[in-house]
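Worksheet: one structure, shown below.
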Amino acid sequence: MADLGFDGKVAIITGAGGGLGRSHALDLARRGALIVVNDLGGASDGTGSSETAAQKVVDEIKAAGGEAVANYDSVATPEGGANIVKTAVDTFGSVHIIINNAGILRDTSFKNMTADQLNPVLDVHLRGAFHVTQPAWQLMRDQGYGRIVNTASGAGIFGNFGQTNYGAAKMGLVGFTRVLAVEGAKNNIKANAIAPVAHTRMTEDILGPLADKLGPEYITPVVTFLVHEDCPVSGEVYSMGGGHVARVFIGVTPGYTNVEDFTPETVRDHFDEIRSEAGYEVPANLNEELMLTVKALG
Ligand code: NAI
C-alpha cells in the first residue's frame with residue numbers, strides 16, 4: 001500500500017519544541033503537512049518561557065525542505081489557544097489536524113498537593129486541549145474534516161503515585177476525546193487519544209535502563225496514522241512505547257440483575273459476578289452503555 005501522505009494538510013502540534021511533539025512535527029512535515037510548531041519553551045514544571053525551542057524545530061523542518069511556522073503562545077489560556085489557531089489560519093489558510101501534546105509535571109503525593117501544583121497542570125493539559133481545539137472546531141465542521149489526537153497518559157488511565165493532578169487532567173482528556181468523537185462524527189472529525197511511554201526530558205529520571213529503547217520515534221507512527229485521512233477509528237485510546245502499540249478500552253461486565261430484591265446484601269453476595277470480566281462489552285458511547293442496561297433488564 002502507498003505511504004501515508006499529508007500534502008497540503010495543516011497541522012497544529014502543541015508543545016512541539018522538543019520531545020514527542022517535535023518528533024510528530026518532523027514526521028508530518030516530511031510527509032507534506034504544513035506545520036504550526038507551538039511551544040512556550042518553559043521548563044518541565046511549566047515555569048519560564050523562550051522562543052528558541054519552537055524556532056529550532058521550524059528551522060529543522062525547513063532545512064529538510066518542509067513548511068512550518070513557529071508559535072510561542074501558551075495553551076493554558078483561551079487567548080493563547082485562539083492565537084495558535086489564528087497562526088495556522090493566517091499562515092496556511094486552515095486547520096485539519098490538531099495534536100494536543102503540550103504538557104508539564106508538578107508531581108507530589110495527594111497529601112501534599114497544593115493549588116499551585118493542581119491548577120497549572122489542569123490548565124496546560126486539560127483546559128489547554130479545550131483552548132486550542134475549540135477555536136478550530138467550527139472551521140473543521142464547516143470544511144467537513146478534522147483529525148485530533150489528545151495526549152493522555154497511563155498515569156491517569158491506570159493510576160500512578162504522586163500524580164493526582166496530572167492523572168485527573170490526563171483521564172479528563174479521555175472523556176474530552178470521547179465526547180469530541182460523538183459530536184464530530186457527522187462532520188468527519190475524528191478524535192483519538194494516546195497513552196505514550198517515551199524517553200524525553202519529562203521522563204529523564206524515571207525510565208532507568210529502559211530509556212534508550214523508548215525513543216519518541218516509537219510514538220509518532222501511531223500518531224501519524226491516527227491523524228491521517230485513512231484513520232478508521234474515533235473516540236479510542238492507544239497505548240504505545242518502544243515499538244509496541246495496543247488499544248486501551250473501557251469495558252462493562254455483564255454484571256448482575258435482580259429487579260425484585262436489589263439490596264446492599266444482594267449486591268454484596270453477587271460482587272464476584274458483578275466484577276467478573278468474562279463476556280465484557282466495550283460501548284462506543286453513552287447510548288450504547290444505556291442499551292446494555294436496558295438489555296439486561298429484559
Ligand atoms: P516535553 O517536556 O519534552 O514536552 C512538552 C512540551 O510542552 C515542552 O516542549 C514544553 O515547553 C511544552 N509546553 C509546556 N507547557 C506549555 C504551554 N502552556 N503551552 C505550550 N507549550 C507548552 O515532554 P514529552 O514527554 O515530549 O511530553 C509530551 C506530552 O506527552 C505531554 O503532554 C506529556 O504529559 C505526555 N506524556 C509523555 C509521556 C512520556 O513517557 N514521555 C508519558 C505520558 C504522557
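The figures here come from the full heavy-atom set of this structure, side chains too, leaving out hydrogens, waters and symmetry mates. It should be emphasised that the depicted structure is a prediction, and the values quoted were computed from it without experimental measurement.
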Using atom types as modelled, flag every donor-acceptor pair under 3.5 Å from a side chain in residues 179-187 to any protein atom, sequence neighbours excluded.
none

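With a 4.5 Å cut-off between side-chain heavy atoms of Ile, Leu, Val, Met, Phe, Trp and Tyr, the cluster of Ile206 takes in none. The hydrophobic cluster containing Tyr256 also includes Phe262, Val267, Phe271, Ile274, under a criterion of side-chain heavy atoms closer than 4.5 Å among ILVMFWY residues, counted directly or through chains of members. Hydrophobic cluster membership for Met1: none, as no Ile, Leu, Val, Met, Phe, Trp or Tyr side chain comes under 4.5 Å of it. Clustering of Ile, Leu, Val, Met, Phe, Trp and Tyr by side-chain heavy atoms under 4.5 Å joins Val282 with Phe249, Tyr280.
Residue pairs satisfying the ring-ring contact (aromatic ring centres under 6.0 Å, His included) criterion with at least one member in residues 82-114, sequence neighbours excluded, are absent. Under the ring-ring contact (aromatic ring centres under 6.0 Å, His included) criterion, the residue pairs touching residues 154-183 are His125-Tyr166, Phe130-Phe176, with sequence neighbours excluded. Evaluation of the ring-ring contact (aromatic ring centres under 6.0 Å, His included) test over residues 183-219, restricted to residues two or more places apart or in two chains, returns none.
With sequence neighbours excluded, the residues forming a side-chain hydrogen bond (donor to acceptor under 3.5 Å, both in side chains) with Ser44 are Arg201, listed by chain and number. Legend: residues meeting side-chain hydrogen bond (donor to acceptor under 3.5 Å, both in side chains) with Gln163, ordered by chain and number and at least two apart, are Asp107, Asn160. Not a single side-chain hydrogen bond (donor to acceptor under 3.5 Å, both in side chains) links Thr200 to another residue, sequence neighbours left out. With sequence neighbours left out, His228 forms a side-chain hydrogen bond (donor to acceptor under 3.5 Å, both in side chains) with no residue at all.
Taking the side chain as every heavy atom from C-beta outward, Glu236 and Asn192 approach each other to under 4.5 Å. With a 4.5 Å cut-off on side-chain heavy atoms, Asn101 and Val223 do not count as touching.
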